[in-house]
Amino acid sequence: MSTTATSDIDEVLKVISQEPVIENLVTDSELMDVFDVESEGITYDKTTGGRYIERAGQFALPGSVGARDETDYIPVPENPEFLNSRMYLRKILGAIQMTGDTMRRVRGDEGAYLDYAVDALGMLVKRVKNSVDRQYVGWGGGVFARTAQTFQGGGSPYTFQVVDAFGVGGFENPWVNFIKKDGLVFSSNATGTGLRNAGTTQAAIVTNVDPATNTITVTADAALAAAGQIGDYIAAGDRSGTSFPTGGTVNKEIDGLMAGIDDGGIVPTYNNIPRAGNRDWQGTIIDGGDPEWGGAFTEDLMIYADDETSTVGGGKVNLVVTPRSAARAYRKAVKDDQMVLDKRAYIGSKSYAPGKGVPIWLGDRFAEMRVSRKVPPQVVFGIETDTWRRITLNQWEWDDKSGSIWKQVGDAVGYKDAFWAYGHLYEQLYCFAPAHNFRIDNLVNTL
């Protein structure tokens, strides 16, 4: 009587593939693929706070220059100024689960097993992609939105409206940060230290999202529903943990575009360096609501923002990331000015998309315009991609320390006829020259 050894099922049950998960994630993501992957020259130092990358940035040039007479002294040189920025890799986890019946039906045939696994991974990739896209736009604090009302309804399910996408006042369309089956936790502050109904019933599960009214429907414990207040900050979480910052100070999520392109209004300290007093560490922020522009995203406004970025920060923007409303407004503003002298050289129109973007003219060069549904209608980002790095361990890894990615579900009572698997991705986004980038605020959400 032979005993089945690990080697007999190793190819079926062990890690199926590393590359397709991260490749699919990068391909499907709206923004991840436009940032360079820094694969060399990174030092990982282990500290009590986790793994981080440190860079030295020069904020003042050395020496001294001055006009002097024949017998005057040589100008007195000054020391350069260097500041160290510190970036922490963020750990993104994902998990899938199947019942024992499902496992047995597919495990008997290796092809069927792999087919199911591919389908399951594909569904997981969509959920991870939704989270990563939000994190690439956000500021790292994990906030989806804020509550505009208390929990409504006499019992579960409950409803409530949301406002302030990413927790930033006035940013609209907060509903895009939510999808069905999200686990949500609520706090009286953006740090997560004022968690509502902390404990095993601290989380609500999304069952429906209404874009027309920014209304979220959830199943939740009555104690959580009673504890929720207007203005609460919402983040991902479940009964065992949350995506709010560790200890209220150390972000767990990726520090996205809102963190990198800011003057201190949203993120006062970026990667360990205060923005106050450091002009090079401040993004160029343009008020699109100024009477000159009236909140409309036009070619004139974009060129002005680009000129300011070039003059003040020395940057040359080559990527513009917009919400759909701003992309519509821009196309409407320029469509009557289009003139084709040679059809063979024509590259305009909304339908043209090499890769994922549309080429636009910034006066002296072309840039790519890319639309992201997670960007609030009030905001447009202008990015010099050479000043950004996507820092990653470069692959999704399934946990297989037991010899299989599948683990049996169990609790304090015993084990169940069900199996689960989880994996992780280390990822961070970093801008080492924020002044080379711009953000336009206070745009009008146009039809």
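- Note that OH of Y136 is 14.0 Å distant from NZ of K374, once rounded to the nearest 0.5 Å.
- By the ring pair (Phe, Tyr, Trp, His ring centres under 6.0 Å) test, F171 is found to be paired with no residue, residues two or more places apart in sequence or in another chain being considered.
- Side chain of K252 to backbone of T242: a donor-acceptor contact under 3.5 angstrom is found.
- Between S372 and V321 the shortest heavy-atom distance is CB-CG1, 4.1 Å.
- A donor-acceptor pair is defined here as one N or O able to donate and one able to accept, closer than 3.5 Å; such a pair exists between the side chain of Q152 and the backbone of T150.
- Applying the salt bridge (charged side-chain N to carboxylate O under 4.0 Å, His left out) definition to pairs two or more places apart or across chains, none involves residues 214-231.
- The shortest side-chain heavy-atom distance between M258 and F381 falls under the 4.5 Å cut-off.
- Panel note: side chain D255, backbone A259; no donor-acceptor pair is recorded below 3.5 Å.
- Scanning all heavy atoms of the two residues, the minimum distance from P434 to F432 falls at CD-C, 3.7 Å.
- Contact record, T322 with A327: OG1-CB, 3.6 Å, taken as the closest heavy-atom pair.
- Sorted by first and then second residue, the side chain to side chain donor-acceptor pair (under 3.5 Å) pairs with a member in residues 301-314 read D306-R365; sequence neighbours excluded.
- Under the rule for a salt bridge (charged side-chain N to carboxylate O under 4.0 Å, His left out), the partners of D441 that lie at least two apart in sequence or sit in another chain are R439.
- Inter-residue side-chain proximity for N251 and P245 is flagged as met; some heavy-atom pair is nearer than 4.5 Å.
- Side-chain atoms of Q161 come within 3.5 Å of backbone N or O of T213 as a donor-acceptor pair.
- The closest donor-acceptor contact from the side chain of E427 to the backbone of R390 lies at 3.5 Å or more, if one exists at all.
- Residues A367 and L319 approach most closely at CB-N, 4.3 Å, considering heavy atoms.
- Under a 3.5 Å cut-off, the side chain of E384 and the backbone N or O of K316 do form a donor-acceptor pair.
- For residues 283-298, every residue pair satisfying the side chain to side chain donor-acceptor pair (under 3.5 Å) rule, not counting sequence neighbours, is listed here: D287-N442.
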- [ ] Show your reasoning for whether side-chain contact (heavy atoms from CB on, under 4.5 Å) applies to V320 and V380.
- [x] CA-CA 7 Å; V320 178; V380 165; 3.7 Å; yes

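- Shown here for S156 and T219, the closest heavy-atom pair between the two residues is OG-CA, 3.2 Å.
- Side chain of D263 to backbone of G265: a donor-acceptor contact under 3.5 angstrom is found.
- Contacts of W175 classified as ring pair (Phe, Tyr, Trp, His ring centres under 6.0 Å), with partners at least two apart in sequence or in another chain: none.
- With sequence neighbours excluded, the residues satisfying salt bridge (charged side-chain N to carboxylate O under 4.0 Å, His left out) with E253 are R134.
- A 4.5 Å side-chain heavy-atom check between M302 and I360 finds at least one atom pair inside the cut-off.
- Residues Q202 and L224 fail the side-chain proximity criterion, which asks for heavy atoms closer than 4.5 Å.
- Ring geometry, F151 versus F160: the interplanar angle falls from 30° to 60°, so the pair is classed tilted.
- Rounding to the nearest 0.5 angstrom, the gap separating the CG atom in D210 from the OG1 atom in T215 is 5.0 Å.
- Two residues are said to be in side-chain contact when any heavy atoms from C-beta on lie closer than 4.5 Å; F144 and D182 meet this criterion.
- Taking F297 as the reference, Y330 meet the ring pair (Phe, Tyr, Trp, His ring centres under 6.0 Å) condition, with sequence neighbours excluded.
- For the atom pair CD (Q282) and CG (N437), the distance works out to 13.5 Å, reported to the nearest 0.5 Å.
- Here R146 pairs with nothing under the salt bridge (charged side-chain N to carboxylate O under 4.0 Å, His left out) rule; sequence neighbours left out.
- Between N173 and N445, some side-chain heavy-atom pair lies under the 4.5 Å cut-off.
- The list of ring-ring contact (aromatic ring centres under 6.0 Å, His included) pairs with a residue in residues 223-257, not counting sequence neighbours, is empty.
- Heavy atoms only, all atoms of each residue included: V162 and A145 are closest at CB-CB, 4.1 Å.
- Here Q378 contributes atom CD and S325 contributes atom OG; the two are 7.5 Å apart, rounded to the nearest 0.5 Å.
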TODO: List the steps, then state whether side-chain contact (heavy atoms from CB on, under 4.5 Å) holds for L301 with L443.
DONE: CA-CA 11 Å; L301 173 55; L443 295 174; 3.8 Å; yes

TODO: Please report the C-alpha distance between L184 and F178 in whole Å, then the side-chain angles of each, then the deciding distance to 0.1 Å, and finally whether the side-chain contact (heavy atoms from CB on, under 4.5 Å) criterion is met.
DONE: CA-CA 9 Å; L184 305 178; F178 300 83; 3.8 Å; yes

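- A donor-acceptor contact shorter than 3.5 Å is absent between the side chain of R279 and the backbone of A276.
- Annotation: side chain of V375 is not in contact with side chain of L257 (no heavy-atom distance under 4.5 Å).
- Residues that satisfy the salt bridge (charged side-chain N to carboxylate O under 4.0 Å, His left out) test with D232, not counting sequence neighbours, are R196.
- Counted by atom type alone, Q149 and T147 present zero donor-acceptor pairs between their side chains at under 3.5 Å.
- Here the OG-CD1 distance, from S131 to I254, works out to 7.5 Å after rounding to the nearest 0.5 Å.
- Between W388 and I261, the closest side-chain pair of non-hydrogen atoms falls below 4.5 Å.
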TODO: Determine, step by step, whether I216 and V209 satisfy the side-chain contact (heavy atoms from CB on, under 4.5 Å) criterion, reporting the C-alpha distance in whole Å, the side-chain angles of both residues, the deciding distance to 0.1 Å, and the verdict.
DONE: CA-CA 5 Å; I216 311 299; V209 179; 4.0 Å; yes

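- Side-chain rings of Y270 and W281 approach one another, their centers coming within less than 6.0 Å.
- The side-chain hydrogen bond (donor to acceptor under 3.5 Å, both in side chains) check on S240 picks up D238, with sequence neighbours excluded.
- Listed for the N130 side chain is no donor-acceptor partner under 3.5 Å among the backbone atoms of R127.
- Considering CD1 of I383 and NE2 of H436, their distance stands at 14.5 Å, rounded to 0.5 Å.
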